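Notes for the one structure printed next.
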Amino acid sequence: QVQLVESGGGLVQAGGSLRLSCAASGRTFSSYAMGWFRQAPGKEREFVAAIRWSGPNTYYADCVKGRFYISGDNAKNTVYLQMNSLKPEDTAVHYCAAKMYGTIWSRLQRADEYDYWGQGTQVTVSS
């Protein structure tokens with residue numbers, strides 16, 4: 001069984017930056033892709049970014065493109081999310097997810113495509 005643990009969340013002023021990390025543990029880890037999602041109170045969980053290890057190829061939600069950057073180290077079973085120019089509307093619990101088997105790239109934005117999830121880390125952006 002795989003467990004994912006996020007870290008790096010916190011309180012930051014608008015315009016600032018944070019870097020989230022997600023580390024996998026458990027059985028030997030060899031995911032096809034990993035992603036970041038976020039969920040604000042009263043809202044549905046929404047896609048933020050994903051990385052497919054082959055390439056690697058990266059994918060972003062339109063609202064974060066140009067501000068957020070996903071990267072990772074597959075050998076270390078770790079993925080990162082660099083968040084720049086943060087806005088109050090970025091405030092949410094951010095979740096890391098892992099997909100263990102391959103799929104077409106367009107499905108990586110779907111939460112139900114992922115096999116494992118972390119517990120989340122809170123990101124709060126003050127105005």
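Everything quoted here is computed from the prediction, not taken from an experiment. Atom set for the values below is all heavy atoms of this structure, side chains included, hydrogens, waters and symmetry mates excluded.
- Minimum interatomic distance between Ala50 and Leu108 (heavy atoms only, all atoms of both residues): CB-CB, 4.2 Å.
- Taking every heavy atom of both residues into account, Tyr114 and Ala97 meet most closely at CD2-CB, 3.6 Å.
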Tyr60 vs Arg67, side chain to side chain contact (heavy atoms under 4.5 Å, CB included): CA-CA, chis, key distance, verdict: CA-CA 10 Å; Tyr60 298 94; Arg67 298 189 297 128; over 6 Å; no
Acceptor/donor pairs from residues 69-76 side chains to any protein atom, 3.5 angstrom cut, sequence neighbours excluded:
unit_1: Tyr69; atom_1: OH; unit_2: Gly66; atom_2: O; d: 3.2
unit_1: Asp73; atom_1: OD1; unit_2: Ala75; atom_2: N; d: 3.1
unit_1: Asp73; atom_1: OD1; unit_2: Lys76; atom_2: N; d: 3.3

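- Scanning both residues, Val2 and Ala24, for their nearest heavy atoms gives CG1-CB, 4.4 Å.
- Residues Leu81 and Ala49 share a closest heavy-atom pair of CD1-CB, 4.2 Å.
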Met83/Val48 under side chain to side chain contact (heavy atoms under 4.5 Å, CB included): CA gap, chis, key distance, verdict: CA-CA 11 Å; Met83 304 183 294; Val48 177; over 6 Å; no
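- Contacts classified as side chain to side chain donor-acceptor pair (under 3.5 Å) and involving residues 96-109 (residues at least two apart or in different chains) are given here: Lys99-Glu113.
- The stretch residues 54-115 participates, sequence neighbours left out, in these disulfide (SG to SG under 2.5 Å) pairs: Cys22-Cys96.
- Annotation: the span from Phe68 atom CZ to Thr58 atom OG1 amounts to 14.0 Å, rounded to 0.5 Å.
- Within the 3.5 Å criterion, the main-chain N or O of Val125 finds a donor-acceptor partner in the side chain of Thr91.
- Residue Met100 is grouped with residue Leu4 when hydrophobic side chains (ILVMFWY) are merged at heavy-atom distances under 4.5 angstrom, including chains of intermediate members.
- Applying the side chain to side chain donor-acceptor pair (under 3.5 Å) test to Asp115 and every residue at least two apart in sequence or in another chain returns nothing.
- Follow the hydrophobic side-chain contacts under 4.5 Å out from Ile51 and you never reach Tyr32; the two are in separate clusters.
- Screening residues 40-55 for salt bridge (charged side-chain N to carboxylate O under 4.0 Å, His left out), with sequence neighbours left out, gives Arg38-Glu46.
- Taking all atoms of both residues into account, the shortest heavy-atom contact from Ser127 to Pro88 is CB-CG, 3.9 Å.
- Annotation for Gln3: atom CD does not count as buried by contact number, only 12 or fewer foreign heavy atoms lying within 6.0 Å.
- Under the 4.5 Å side-chain contact rule for hydrophobic residues, Tyr95 and Leu18 do not share a cluster.
- In terms of the side chain to side chain donor-acceptor pair (under 3.5 Å) criterion, Arg19 has no residue partners (sequence neighbours excluded).
- Sorted by first and then second residue, the ring pair (Phe, Tyr, Trp, His ring centres under 6.0 Å) pairs involving residues 38-57 (not counting sequence neighbours) are Phe37-Phe47.
- In this structure, Asn77 CG and Ser31 OG are separated by 7.5 Å, a value rounded to the nearest 0.5 Å.
- Linking ILVMFWY side-chain heavy atoms closer than 4.5 Å, directly or via other members, places Tyr116 and Trp36 in a single hydrophobic cluster.
- In this view, Lys87 satisfies the salt bridge (charged side-chain N to carboxylate O under 4.0 Å, His left out) rule with no residue, not counting sequence neighbours.
- Considering every non-hydrogen atom in both Tyr80 and Ser21, the closest pair reads CD2-OG, 3.3 Å.
- More than 12 heavy atoms of other residues, nucleotides or ligands lie within 6.0 Å of CD in Glu89, so this atom counts as buried by the packing criterion.
- Under a 4.5 Å side-chain heavy-atom criterion applied to ILVMFWY residues, the cluster that includes Ile104 comprises that residue alone.
- Listed by first then second residue, pairs satisfying side chain to side chain donor-acceptor pair (under 3.5 Å) with a partner in residues 5-16 number zero, not counting sequence neighbours.
- Remark: Gln122 engages Thr124 in a side chain to side chain donor-acceptor pair (under 3.5 Å) (not counting sequence neighbours).
- Residues satisfying the side chain to side chain donor-acceptor pair (under 3.5 Å) test with Ser17, not counting sequence neighbours, are Asn84.
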